[in-house]
Amino acid sequence: MARAHDPLPAPLERLLIVRLSAMGDIIHTLPAVAALRQAFPEATLGWIVEERWSELLCSLRYPRAGARSPQRPLVDRVHTVNTKEWRRALLSPHTWHQMAVASSELRGAGYQAAVDFQGAVRTALLARWSRAEVVFGDAQPRENAASMWYSRQITTSGTHVVEQALSLAGAVIRRNAGPSRAPLPSDPDAEKRIDAVVATLGDFAILNPGAGWGAKQWPAERYGEVARALELDGVRSVINFGPGEEELAAAAEAASAGAARRISCTISDLIALTRRARLFVGGDTGPMHLAAALNIPVVGIFGPTNPARNGPFGTASIVLRSATSLTSHARRKEPEKGLLEISPEEVIVAARKLLGSIHE
């Protein structure tokens, strides 16, 4: 059990960040970690993350510990876990071996303090697993039981999740933490691949018809209509899609009548692609938050999730949401009714405003 008033080690030389998933949530945590980096420039910052999202912190085939570089620009060490696989085969000797290796690596780093930005029981336990002397966490975490493992329970503030993470970081720094634009990895191989992909496109927008669940998915065919309109302005479109979203991407591409092409990217590829885009159009998804983090203008198409809490942060944006939409995280398969009230024409007008084609 955590003690209530563990003192913060001084000087703070080794700090662990705990945020395992998912893509958008990790991106939302980056400004807070950038603030911690500015406050403790000489400290070793480690981050424990799910293996599948590690490219957001460190390029593939690049060492996950050592001197920072463009391939791992923010943290000094990246620790990975695969909790989904572990839960699936909890009694497997291989699982127990992986867990033991992860535990040994974490404890061997000698972290003095840990900050749990996720607020789940498993992440609070991982923070304790590291044997950090002090563990910071939200006083009202996503899973209430997680707070049992925090020695510093922080009452966070802010409406947007980025602001809440900054508030938690501020408790470690002992002053308000302002938003800082955090660097994302730059993979030389990915940069070359994407240069070849976009060489003939000229100005382009990224359209992202997928979303975490069906209620957040604006119809794919409407993205094709947007692509046709943008082509008239000299802006081609690239349709991004991830695993399981092949049909959505194909439907959007077909509806575009040749104005858009679909492309499946690794995370490193998507970072490189997004850096080169003029505009991003999509719903409440990890790729949308990536675009915002890279300062790319965003047309956000929102339905059941609240853009005040989860909208594009820190970039030029226009968020479209029907007044009839109600905030809900129910994972329904069909698009939310209010989301369907947003017309292609509204999205096209918003896109053209951000592109500078028309003005208020």
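Two residues are said to be in side-chain contact when any heavy atoms from C-beta on lie closer than 4.5 Å; Val197 and Arg261 meet this criterion. Between Val18 and Val135, the closest side-chain pair of non-hydrogen atoms is not below 4.5 Å. Here the side chains of Val238 and Asn240 are not in contact, with every heavy-atom distance at 4.5 Å or above. Residues Phe313 and His289 have side chains not in contact (no heavy-atom distance under 4.5 Å, counting atoms from C-beta outward). Side-chain contact check for Arg152 versus Val134: some heavy-atom pair is nearer than 4.5 Å. Side-chain contact between Phe204 and Leu273 is present, with at least one heavy-atom pair separated by less than 4.5 Å. A 4.5 Å side-chain heavy-atom check between Asp25 and Gln118 finds every atom pair outside the cut-off. Taking 4.5 Å as the limit, every side-chain heavy atom of Arg64 sits out of range of all side-chain heavy atoms of Arg77.
Taking hydrophobic clusters as Ile, Leu, Val, Met, Phe, Trp and Tyr residues chained together by side-chain heavy-atom distances below 4.5 Å, Ile26 shares a cluster with Leu74. Both Leu339 and Leu207 are members of a single hydrophobic cluster when ILVMFWY side chains are connected at heavy-atom separations under 4.5 Å. In the hydrophobic cluster analysis, where Ile, Leu, Val, Met, Phe, Trp and Tyr join through side-chain heavy atoms closer than 4.5 angstrom, Leu126 is grouped apart from Phe117. Linking Ile, Leu, Val, Met, Phe, Trp and Tyr whenever their side-chain heavy atoms come within less than 4.5 Å puts Leu57 and Val33 in one cluster. Linking Ile, Leu, Val, Met, Phe, Trp and Tyr whenever their side-chain heavy atoms come within less than 4.5 Å leaves Tyr111 and Val49 in two separate clusters.
For Asn176, the CG atom sits in a loose shell: 12 or fewer heavy atoms of surrounding residues, nucleotides or ligands are nearer than 6.0 Å. More than 12 heavy atoms of other residues, nucleotides or ligands lie within 6.0 Å of CD in Glu13, so this atom counts as buried by the packing criterion.
Taking each heavy atom of Gly282 and Met288 in turn, the nearest pair found is O-SD, 4.3 Å. Heavy-atom minimum distance, Ala229 versus Ile348: CB-CD1, 3.5 Å. The minimum heavy-atom distance between Glu55 and Ser268, with the atom names listed, is OE1-OG, 2.6 Å. Counting all heavy atoms, side chain and backbone alike, Ala114 lies closest to Ala127 at CB-CB, 4.0 Å. Nearest heavy atoms, Ala330 versus Ser328: N-OG, 3.1 Å. Looking at every heavy atom in both residues, Glu246 comes nearest to Arg262 through O-NH1, 4.3 Å.
Trp129 and Ser103 share a donor-acceptor pair across their side chains, judged by distance under 3.5 Å alone. For Glu50 and Thr83, the side-chain atoms include at least one donor-acceptor pair closer than 3.5 Å. A donor-acceptor contact closer than 3.5 angstrom is absent between the side chains of Thr44 and Asp76.
A donor-acceptor pair is defined here as one N or O able to donate and one able to accept, closer than 3.5 Å; no such pair exists between the side chain of Ser237 and the backbone of Ala260. With Thr315 contributing its side chain and Ile296 its backbone, the two residues share a donor-acceptor pair below 3.5 Å. Looking at Thr274, its side chain does come within 3.5 Å of a backbone N or O of Leu270 through a donor-acceptor pair. The closest donor-acceptor contact from the side chain of Arg222 to the backbone of Glu225 lies at 3.5 Å or more, if one exists at all. Between the side chain of Gln112 and the backbone N or O of Leu15, no donor-acceptor pair lies under 3.5 Å. Remark: side-chain polar atoms of Gln164 are paired, donor with acceptor, to backbone N or O of Thr159 under 3.5 angstrom. Using a distance-only test at 3.5 Å, with no hydrogens or angles considered, a donor-acceptor pair links the side chain of Glu143 to the main chain of Val121. Distance alone, capped at 3.5 Å, is enough to place a donor-acceptor pair between the Trp47 side chain and the Arg19 backbone. Under the 3.5 Å distance criterion, the side-chain polar atoms of Arg37 are matched with a main-chain donor or acceptor of Ala43. Between the side chain of Arg131 and the main chain of Arg107, no donor-acceptor pair closer than 3.5 Å is present.
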* Checking side-chain contact (heavy atoms from CB on, under 4.5 Å) for the pair Thr324/Lys337: CA distance, chi angles, key distance, verdict? -> CA-CA 8 Å; Thr324 66; Lys337 290 182 179 179; 5.9 Å; no

* To do: Walk me through it: do Asn82 and Lys84 pass the test side-chain contact (heavy atoms from CB on, under 4.5 Å)?
  => CA-CA 6 Å; Asn82 193 339; Lys84 185 176 181 180; 4.2 Å; yes

* **side-chain contact (heavy atoms from CB on, under 4.5 Å) between His94 and Glu85, intermediate numbers included** => CA-CA 10 Å; His94 178 67; Glu85 182 182 294; 4.3 Å; yes

* Decide side chain to side chain donor-acceptor pair (under 3.5 Å) for Arg321 and Thr327; before the verdict, give the C-alpha distance in whole Å, the side-chain angles of both, and the deciding distance to 0.1 Å. => CA-CA 11 Å; Arg321 192 190 194 207; Thr327 299; 3.2 Å; yes

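If you take CD on Glu51 and OG on Ser54, they are separated by 4.5 Å, rounding to the nearest 0.5 Å. Remark: Tyr223 OH to Asn208 CG distance equals 6.5 Å, nearest 0.5 Å. If you take CG on Leu279 and CG on Leu355, they are separated by 5.0 Å, rounding to the nearest 0.5 Å. Annotation: the span from Leu36 atom CG to Leu12 atom CG amounts to 9.0 Å, rounded to 0.5 Å. One distance of note links CG of Asp233 with CG of Asp203; it measures 10.5 Å at 0.5 Å rounding. Taking OG from Ser59 and CG from Leu184, the interatomic distance works out to 10.0 Å, rounded to the nearest 0.5 Å.
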Report all side-chain donor-acceptor pairs from residues 302-312 shorter than 3.5 Å, counting only partners two or more places apart or in another chain.
| residue | atom | partner | partner atom | Å |
| --- | --- | --- | --- | --- |
| Thr305 | OG1 | Asp284 | OD2 | 2.9 |
| Asn306 | OD1 | Ala308 | N | 3.0 |

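With salt bridges taken as basic N to acidic carboxylate O contacts below 4.0 Å, one links Arg276 and Glu191. Remark: Asp116 does not engage Arg128 in a salt bridge, criterion side-chain N to carboxylate O under 4.0 Å.
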